[in-house]
Amino acid sequence: MRIAPGDLLSWANSLEINHNIMSAVSIKKALSGEIASGTQIKIRGWVRTRRDSKAGFSFISTHDGSCFDPIQVVAPAELENYSSEVQKLTSGCAVICTGELVESQGRGQKFEIQASSVEVLGWVEDPDTYPIQPKRHSFEFLRDVAHLRPRTNTFGAITRVRHVAAQAIHRYFHENGFFWVNTPIITASDAEGAGDMFRVSTLDLANLPYKENGSVDFDRDFFGRETFLTVSGQLNVEGYCLALSNVYTFGPTFRAENSNTTRHLAEFWMIEPEIAFADLDDVADLAENFLKYVFKSVLDECPDDMAFFAQRIEPTAIERLERLIDAPFVHIDYAEAIGILKASGKKFEFKPEWGLDLQTEHERYLTEKHFNAPVIVKNYPTEIKAFYMRLSDDGKTVAALDVLAPGIGEIIGGAQREERLDVLQKRMLEQGMDAETYSWYVDFRRYGTVPHAGFGLGFERLITYITGMSNIRDVIPYPRVPGRADF
RNA sequence: UCCCCGGUAGCUCAGUUGGUUAGAGCGGGUGACUGUUAAUCACUAGGUCGUUGGUUCGAGUCCAUCCCGGGGAGCCA
């Protein structure tokens, strides 16, 4: 039996195995208007608040995460467990509510449920100390209860936006003929100096084997050599790029840097597309096109969540995404950027100078003050960039790019790769890199080399930008940062 | 890693130049009231003031130390 792609989901949902799943409806569906008023429905979720009316019923505001809004369940005093259970419900209790879906008599919601049954599945053991209360909590506090914070409005919204953005990313690439490549998480290459690495080892730290010269004998480690957690899938994905043309990675990435900022995590997710037969301008266009697609998808698919961010987190959350979708990104050369900074007359803590990397204050000036738009800065001085970036004819610059966004700074870093064998080898030699470790990478330049380019996008930085959340630790479920790996 | 700021009730905070029994709002409990919706009103329970040490007749308050958190910088995505 062959089933048309558009019918696959209804075919799957019709299978016996799903009958139990379909017996209740999501709150999203109950509030959507798809279900006729008067229909008997069942919803399952967690209590946000309970308000009693002595007129003989209680309002139970219930959420299940399917959408931003909770549904109001009207529980009449006639319920057999009304005084014994319903009136004892507190924030966080898990309930199954059955009843008639009706248009609400009160303001604030279109539909509500006139309950004929409220079944309590899980009580809150001690309501007095349950951390998630129906009030505003600080994000600092919620980080200490990261396992419970998904029950709040904000973290529910973040989770849905994160999901929609991830789906949009995969969809964008899929529909543009890219293949998702799962590059290894454990690696032996000291990946291009992108940062300090976490060691992966099964050696007994209290009883390390040593070689005769006194160094640790990694021959006896699990992989028979030193290994680490990946800091980038780029080197690996290049191999797939030079066979499948358009590829990307989307996976966890690890940096053991002692970074204590609102935009760094020790464990984060990174998206790295890599395109063959392409130069720096091609990858700059890809970055712009890609970002606009993802932003548009989130605006279209998460209107309620985005409205919440605009109302409570960052007033311009929606407008700035709309503006960014409409306006072309600014493209400038690093040299021009230095010129603009020097001519600005602004006093910077670090003086802008050709040959030095742009400081955060410089990036902010360019993207927030001078252009007030996303800026793609291209062609950086050779000395401050990685070995694999393509050298210009005069050798002074490499074909690197950074995408700077107002509010967060660097969101994307990319480059055209050095495809010429001799030039790459020379640069690796200059930087004192171990030729043997990277021989497989150099092979790509030996066998059918072509110009190719790619970029890296920090997924959490993207979510930070979309939602207006100011700390990256609040857009990943369980943040890992120096000194903390709770939960 | 460096520079600033902070740690008081379950949560968010106030607490005077050091001075008796440390306060408020929310949340919890009890009651009243109400198609309510951050409901409202009354009553009530709840604190070794981050740790350790010091100064003082007396420390939430001053000093030192360590721990933890936040913001900024560097590194980067």
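All values below come from the heavy atoms of this structure, side chains included, with hydrogens, waters and symmetry mates left out. First the proteins, then the strands, lettered A, B, ... as listed; each starts at 1.
Taking the six-membered ring for Trp and the full ring otherwise, the centers of F250(A) and F173(A) sit at least 6.0 Å from each other.
Closest to the side chain of T360(A), from the set rC26(B), rG35(B), rG74(B), is rG74(B). Nearest to the side-chain atoms of R263(A) among the listed nucleotides rU36(B), rG35(B), rG74(B) stands rG74(B). For S53(A), the listed nucleotide lying nearest its side chain is rG35(B); candidates were rU1(B), rG35(B), rU12(B). For F141(A), whose side chain is taken as the heavy atoms from C-beta onward, the closest listed nucleotide among rG35(B), rU12(B), rC75(B) is rU12(B).
Nucleic acid contact for F57(A): base, since at least one base atom lies under 4.0 Å from a heavy atom of the residue. Within the 4.0 angstrom heavy-atom criterion, no nucleotide atom of any strand lies near L462(A). E272(A) comes within contact range of no nucleotide atom at all, as no heavy-atom separation falls under 4.0 Å. Counting any heavy atom pair closer than 4.0 Å across all strands shown, R48(A) reaches no nucleic acid atom. Nucleic acid contact for G456(A): sugar-phosphate only, since backbone atoms but no base atoms lie under 4.0 Å from a heavy atom of the residue.
Salt bridge annotation for K346(A)-E361(A): absent, with no cationic side-chain nitrogen under 4.0 angstrom from a carboxylate oxygen. A salt bridge does not link D486(A) with R143(A): every distance from a Lys NZ or Arg NE/NH1/NH2 to an Asp or Glu carboxylate oxygen is 4.0 Å or more. The pair R149(A)-D474(A) meets the salt-bridge criterion, with a side-chain N (NZ, NE, NH1 or NH2) lying under 4.0 Å from an Asp/Glu carboxylate O.
Phosphate contact (OP1/OP2 of rC76(B), side-chain N/O of R255(A), threshold under 4.0 Å): absent. At the phosphate of rG70(B), OP1 or OP2 sits under 4.0 Å from a side-chain N or O atom of R473(A). Contact annotation: N471(A) side-chain N/O to rG71(B) OP1/OP2 distance is under 4.0 Å. R143(A) has no side-chain polar atom (N or O) that falls below the 4.0 Å cut-off from OP1 or OP2 of rC68(B). Distances shown here put a side-chain N or O of T262(A) below 4.0 Å from the OP1 or OP2 atom of rG72(B). Contact annotation: S259(A) does not reach the phosphate of rC75(B) (side-chain N/O to OP1 or OP2, under 4.0 Å).
Contact annotation: side chain of Q109(A) to base of rU36(B), donor-acceptor pair present below 3.5 Å. One N or O donor and one acceptor, one from the side chain of N260(A) and one from the base of rU1(B), sit under 3.5 Å apart. Side-chain to base pairing of Q359(A) with rG72(B): no donor and acceptor N or O lie closer than 3.5 Å to each other.
Look at rG31(B): its Watson-Crick or wobble partner, with both distances under 3.5 angstrom, is rC41(B).
In this structure, F59(A) places its CZ atom where more than 12 heavy-atom neighbours from other residues, nucleotides or ligands lie under 6.0 Å away.
For the pair H264(A) NE2 and rG72(B) P, the interatomic distance rounds to 12 Å; values are reported in whole Å. The distance from atom CD1 of I472(A) to atom P of rG70(B) is 14 Å, rounded to the nearest whole Å. When the C1' atom of rG50(B) is taken as reference, atom CD of E140(A) falls 16 Å away, rounded to whole Å.
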